[in-house]
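The structure displayed is predicted, hence computed values, not measured ones.
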Amino acid sequence: MKHTRRWLASLLAVVMVLGAMPMALADWENAKEVKTYDEFTAALADETVEEIKVVGEVTVPKTDKPVEANKPILVGKDGTFKLDPGAVVTSNVPQGKFNYEDRENTWIIVGDTMETFVLYAGDDSCYRVMYGTQPDDMNALVKDTAHGKVNTLCFNGKDVELTESFDGAVFDVRGGKSLTIAKDVSLKAGMYFNLEGDLVMNEGAKLELPENHDIDGTATFATEDQKPENLNADIEVKAAEKPAEEEKPAEEVDSTEPAAPKFTDVAATSPFAAAIDWAVGKEITLGKTETTFGPADPCTVSHILTFLWRANGKPGAEEGVADRDSAAKWAVEKEMIAEDADLTATCTRSMAVTFMWKAAESPKVETEKEFTDVAADAEYAGAVAWAVENGITTGTTETTFAPDNNCNRGQIVTFLYRQLAEKETTPAA
């Protein structure tokens with residue numbers, strides 16, 4: 001019930017943004033009733049139809065072009081409106097596009113289907129984009145003001161990293177997932193802020209919260225002055241982890257200074273520079289583009305497994321099979337992941353050292369180093385001990401390892417560099 005009440009509160013906030021999404025928007029008496037997606041698209045194309053009422057189950061598939069639904073739509077008590085993953089619906093209907101006869105039941109159904117909801121608010125109209133899954137270019141959508149400022153962002157079941165500043169009405173992250181605000185990025189939610197997970201604010205990040213806000217997990221601030229004065233007293237605040245600069249290659253490994261990387265987003269003085277130069281030289285990764293590496297970008301499970309697979313000589317490589325697929329198959333065989341593992345998930349610190357440990361045949365080590373956030377019986381405890389003993393990482397503080405913290409691309413190649421550079425493991429051609 002708490003989840004339902006919170007999401008309904010978010011819906012009410014969206015209603016306020018839209019100008020009170022009124023039932024008077026249309027009387028619906030002459031609305032065209034539709035039961036299927038084909039009937040829905042036919043009604044959209046019919047110039048004589050002014051309003052549409054969904055009385056069956058309309059599921060929008062992923063198409064090459066967005067579905068333009070520029071007519072008021074009512075989802076009835078006996079109807080549902082869903083989007084397949086990757087489907088996009090756009091609208092330019094003044095004062096809101098959708099209305100619901102039974103807001104609670106219908107919205108919960110729709111909300112469980114949509115993982116991302118973006119609202120662009122213009123002077124006299126609203127432009128909505130709905131996605132079945134969180135788009136990779138979510139931050140680009142926030143930055144792009146071609147259709148007006150993004151007013152509302154809602155996410156379901158995915159960790160969110162905000163790398164573009166957001167100033168809007170509603171920001172909602174559901175499903176027990178985390179929100180990371182990147183360095184020097186600001187987030188302001190003027191009407192409603194909800195986070196069903198942990199908050200992590202990097203150096204220079206700013207957060208302005210409305211009185212109506214809720215954070216279910218812990219809040220971590222890089223500096224004390226980042227903490228909003230009106231932060232609810234019952235929200236647990238944790239100490240920040242070490243700055244990324246301390247995650248730099250060990251001096252004994254970096255006995256010779258490699259040439260500065262070719263990437264425009266990797267300075268020669270970057271703590272990741274030597275590791276990135278090594279990884280590119282060994283063809284463990286080639287970067288995101290010809291000129292960018294994306295060191296601060298999240299590293300997915302698929303990415304680290306592919307890096308590890310290449311660093312270990314591409315075992316089982318087959319002609320015509322993508323590296324990421326071969327890497328995933330190898331990881332399953334090595335019992336790093338289950339066959340149904342989510343390869344798109346962001347790799348955490350505990351996952352990273354576990355993958356590397358298992359790739360090294362899970363050696364047992366003894367170490368006196370103990371972390372308050374790593375239980376002795378944790379499934380990754382052996383991997384953490386091994387990583388510390390081998391100088392791959394020393395933890396985020398003297399007493400904490402931060403096993404659930406997400407890793408970026410620069411950190412992952414640095415871990416690999418510390419483990420493998422001295423061994424000169426050359427991937428197969």
- Can you measure from OH (Tyr380) to CZ (Phe401) and round to the nearest 0.5 angstrom? 8.5 Å
- Can you tell me if Trp357 uses its side chain to pair, donor with acceptor, with the backbone of Pro363 under 3.5 Å? yes
- Message: I'd like to know whether Phe171 forms a side chain to side chain contact (heavy atoms under 4.5 Å, CB included) with Asn194, so could you lay out the CA-CA distance, the side-chain angles of the two residues, the decisive distance to 0.1 Å, and finally the verdict.
- Response: CA-CA 6 Å; Phe171 198 99; Asn194 175 57; over 6 Å; no
- Task: Would you check if the side chain of Asp216 reaches a backbone N or O of Gly197 as a donor-acceptor pair within less than 3.5 Å?
- Result: no
Output side-chain donor-acceptor pairs under 3.5 Å for residues 338-346, partner residues at least two apart or in another chain, one line each.
residue	atom	partner	partner atom	Å
Asp342	OD1	Thr344	N	3.0
Asp342	OD1	Thr344	OG1	2.6

- Message: Does Lys188, at its NZ atom, have more than 12 non-hydrogen atoms belonging to other residues, nucleotides or ligands within less than 6.0 Å?
- Response: no
- Side chain Lys206, main chain Leu187, donor-acceptor under 3.5 Å: no
- Query: Do Val185 and Glu164 come within less than 4.5 Å of each other through their side chains, counting heavy atoms only?
  - Reply: no
- Any side-chain heavy atom of Ser178 within less than 4.5 Å of one from Val200? no
- Closest approach of Asp198 and Gly217, non-hydrogen atoms and distance? OD1-CA, 3.2 Å
- Message: Quick one, Phe193 and Ile215 - any side-chain contact, counting heavy atoms below 4.5 Å?
- Response: yes
- For Lys358 and Met336, run side chain to side chain contact (heavy atoms under 4.5 Å, CB included): C-alpha distance rounded to whole Å, both residues' side-chain angles, the deciding distance at 0.1 Å, then the answer. CA-CA 6 Å; Lys358 289 187 175 181; Met336 299 181 197; 4.0 Å; yes
- Query: Between Arg310 and Ile284, is there a donor-acceptor pair closer than 3.5 Å when you use the side chain of the first and the backbone of the second?
  - Reply: yes
- Message: To the closest 0.5 Å, what do you measure between CZ (Phe415) and CG (Leu308)?
- Response: 12.0 Å
- Thr292 side chain to Gly294 backbone, donor-acceptor under 3.5 Å: no
- Message: I'd like to check Asp277 versus Tyr417 (side-chain heavy atoms, cut-off strictly below 4.5 Å). Are they in contact?
- Response: no
- Message: With a 4.0 Å cut-off on N to O distance, would you call Glu389 and Lys364 a salt bridge?
- Response: no
- Message: Whether the side chain of Asn406 engages the backbone of Thr348 through a donor-acceptor N/O pair (distance < 3.5 Å, no angle test) should be reported.
- Response: no
- Message: When you compare the side chain of Glu33 with that of Lys35, does any pair of heavy atoms fall below 4.5 Å?
- Response: no
- Please assess Val237 against Lys227 for the test side chain to side chain contact (heavy atoms under 4.5 Å, CB included), listing each intermediate value before the final yes or no. CA-CA 9 Å; Val237 177; Lys227 179 181 174 181; 4.2 Å; yes
- Task: Look at the side chain of Gln226 and the backbone N and O of Asn202, then say whether any donor-acceptor pair between them is shorter than 3.5 Å.
- Result: yes
- Non-hydrogen side-chain atoms of Asn312 and Trp330 separated by less than 4.5 Å: yes
- Task: Verify, without hydrogens or angle tests, whether Asn408 (side chain) and Asp297 (backbone) share a donor-acceptor contact under 3.5 angstrom.
- Result: no
- Task: Check step by step if side chain to side chain contact (heavy atoms under 4.5 Å, CB included) holds for Val266 and Phe272.
- Result: CA-CA 8 Å; Val266 181; Phe272 305 133; 5.5 Å; no
- First locate atom CG of Asp323, then atom CD of Glu283, and finally report the distance between them rounded to the nearest 0.5 Å. 10.0 Å
- Polar side chain donor-acceptor pair, Ser186 to Ser165, under 3.5 angstrom: yes
- Message: Could you tell me if Thr223 and Asp225 have a donor-acceptor pair between their side chains, going purely by distance under 3.5 Å?
- Response: yes
- Residue pair Arg409 / Val413, side-chain heavy-atom distance below 4.5 Å: no
- Task: Go through the steps for Lys329 and Glu318 under the test salt bridge (Lys or Arg N to Asp or Glu O under 4.0 Å), then give the verdict.
- Result: CA-CA 11 Å; Lys329 180 180 178 181; Glu318 299 179 37; 3.7 Å; yes
- Query: Ion pair present between Arg349 and Asp404, side-chain N to carboxylate O less than 4.0 angstrom?
  - Reply: no
- Message: Within this structure, what is the OG1-CZ distance for the pair Thr394 and Arg418, rounded to the nearest 0.5 Å?
- Response: 7.0 Å
- Task: Using atom types as modelled and distance alone, determine if a side-chain donor or acceptor of Thr180 lies under 3.5 Å from a backbone N or O of Glu161.
- Result: no
- Task: Taking side-chain contact (heavy atoms from CB on, under 4.5 Å) as the test, write out the residues that go with Asp46, two or more places apart.
- Result: Thr48, Val49
- Message: Taking the basic N atoms (NZ, or NE/NH1/NH2) and the acidic carboxylate oxygens, is any pair closer than 4.0 Å for Glu39 and Lys32?
- Response: no
- Query: Is there a donor-acceptor contact under 3.5 Å from the side chain of Lys71 to the main chain of Leu44?
  - Reply: yes
- Message: Counting neighbours of CD on Glu379 that are heavy atoms of other residues, nucleotides or ligands and sit closer than 6.0 Å, is the number greater than 12?
- Response: no
- Query: To the nearest 0.5 Å, how far apart are CE in Met356 and OG in Ser362?
  - Reply: 13.0 Å
- Message: Angle between ring planes, Phe263 versus Phe293, binned at 30° and 60°: parallel, tilted or perpendicular?
- Response: tilted
- Item | Test side chain to side chain contact (heavy atoms under 4.5 Å, CB included) applied to Ser302 and Thr306, Ile304, Leu305, the passing residue | Thr306
- Item | Heavy-atom side-chain proximity of Leu209 to Leu231 below 4.5 angstrom | yes
- Could you list the residues that satisfy side-chain contact (heavy atoms from CB on, under 4.5 Å) with Lys369, not counting sequence neighbours? Thr367, Phe371, Val388, Glu398
